Amino acid sequence: MRGREVSGLSLMAATVGFGQSALLALVPIVSDATGLGAPAIGAIGFLGALAFLVAAPAWGYREGRLRRRFMLLAWLMAGAQLLFLGVLAAGPMPAAAAFAMLALARIVYSAAAAGVMPHAQAAVVRMSTPEKRPAALARLSAGLGVGRVLGPLVTLPGAAGLMPALAAMVAMPLILLAAPDVAPAEKGEQSQRKRDLARAALPLLAIGFVLTLGFGQIQMVLGLFLQARFGLDVHAAARWGGITYALVAIGMIAVQVGLVPRLGNKLARNLRIGLGAFALGSVAMGLAPSIAMLVFGAVIAGAGIALATPAYTAWLVDRVAPQQQAVAAGWLASLHVLGQGAGALTGGFAFALSPQTPFMLCAALGIAVMLVLSAIGQPRGHDAAP
């Protein structure tokens, strides 16, 4: 696969991250424009997440030429954003009507956005050699991360009103119209039976779920931990939490763009390094004697996730038949979302036990996965030396 095509697909992945984070940044504006409270807006976000969970694996079963598939996704996403942002610009309306239309828009958008990464990952796998595959998948993940960083910027125009945000959020999905025309896997290629597919995919899917669960715990409790550990007030904890999230995002993107291509395709080794960094960073956060050390630990943990993700993704698609790579990628995307949600839930309970518990639990998860890697078997066609 040429670098230009990977860069284009990475830009398309950024549209998904952009749409996800832009909604969070617009919550105060949504509340002011519609009169809906935080519980109602949270319910809209929850419905969108459910739609994503169901749709991501479903899209994987619907193979087709990439450009044709992305044209459908682009128009669905853009239409949903038009409806969502049209409600904001329409002025006062009954709360039930506002909720129904915003929920419909979010469900359609999330269901369509769920198809982007599975099809993009399958295209990368199909068009790249095993040696270049981890780096290409890492660039896709980096594109998603860049979109999540850029999403909150829709609020910057401020005095210019909603129009810049409306234009950006509607236009971003249209980037998908420039997708390369990648053909699906040949129908003659042999598929795996469902039992064999599950046996091949489940170990790597479990790793993806466990790591996102751990990272979701850290995201959930970071602000609370800053208050409990260093005696910060609410505003200072929020400020340091925002700084930490930004540095972690930058570090993850840097690892995926700059480091992963240099490490080659030693998937088992790269995954072990990533797991070790995640565990080490989690311990550093939990035992941090200063805010600076906590931020450093968070960056190390995020770098570990950034290194591990393309490794277990490439390993996953290596274990399934070509016709089922989009299916496996869809399940992985769905389990990433589920893991983040489960992490937010378990992180709250763990923090109630003690402020350090979520971080020690994350370290234990990273070490446990490292210990069981040898039971999965080595990736085919890769130098998997530890």
Side-chain angles (χ1 to χ4, degrees), residues 1-22 52 55-56 59-60 62-81 109-110 112-151 153-154 167-185 249-250 252-262 265 306 309-310 313-314 316-317 322 325-326 328-330 332-333 336:
M1 172 177 275
R2 296 187 298 272
R4 180 172 55 85
E5 292 172 323
V6 177
S7 298
L9 288 171
S10 298
L11 181 61
M12 294 167 201
T15 67
V16 178
F18 182 90
Q20 290 171 339
S21 61
F52 192 102
W59 280 115
R62 297 181 60 84
E63 276 282 19
R65 300 194 73 89
L66 186 69
R67 183 175 296 168
R68 188 179 304 169
R69 184 67 58 204
F70 271 24
M71 285 179 65
L72 173 61
L73 298 179
W75 292 119
L76 285 173
M77 292 165 68
Q81 294 291 61
Y109 178 86
S110 297
V116 174
M117 285 299 285
H119 286 303
Q121 288 175 342
V124 165
V125 169
R126 201 159 292 140
M127 298 177 67
S128 61
T129 63
E131 293 76 20
K132 296 182 178 180
R133 193 168 295 157
L137 290 170
R139 289 176 67 179
L140 274 185
S141 296
L144 188 67
V146 168
R148 287 171 175 160
V149 171
L150 294 178
L153 300 184
V154 297
M169 295 183 70
V170 173
M172 281 292 283
L174 299 181
I175 295 173
L176 298 178
L177 297 177
D181 196 21
V182 181
I250 293 169
M252 293 178 74
I253 293 168
V255 167
Q256 290 170 332
V257 173
L259 180 59
V260 172
R262 289 170 170 79
N265 66 327
T309 300
T313 302
L316 169 64
V317 298
Q325 286 164 349
L332 184 61
H336 280 165

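Fair warning: this is a prediction, and the values are worked out from it, not measured in the lab.
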Approximate separation, where rounding is to 0.5 Å, of [X] [atom1] and [Y] [atom2]:
X: His336; Y: Thr313; atom1: NE2; atom2: OG1; result: 5.5 Å
X: Phe18; Y: Gln81; atom1: CZ; atom2: CD; result: 8.5 Å
X: Met117; Y: Leu140; atom1: CE; atom2: CG; result: 5.0 Å
X: Leu72; Y: Arg69; atom1: CG; atom2: CZ; result: 6.5 Å
X: Leu73; Y: Leu176; atom1: CG; atom2: CG; result: 6.5 Å

[Y] side chain reached by [X] side chain, heavy atoms, under 4.5 Å:
X: Leu177; Y: Met71; result: yes
X: Leu174; Y: Trp75; result: yes
X: Leu9; Y: Pro180; result: yes

Which atom of [X] lies closest to which atom of [Y], heavy atoms considered:
X: Pro118; Y: Ala329; result: CA-CB, 3.7 Å
X: Pro134; Y: Pro310; result: O-CB, 3.5 Å
X: Ala112; Y: Met77; result: CB-CG, 3.6 Å
X: Phe70; Y: Ala179; result: CD2-CB, 3.5 Å
X: Met169; Y: Pro173; result: O-CD, 3.3 Å
X: Gly17; Y: Leu144; result: N-CD1, 3.5 Å

Check: Any donor and acceptor pair, going by atom type alone, linking the side chain of Thr15 with main-chain N or O of Met12 inside 3.5 Å?
Finding: yes

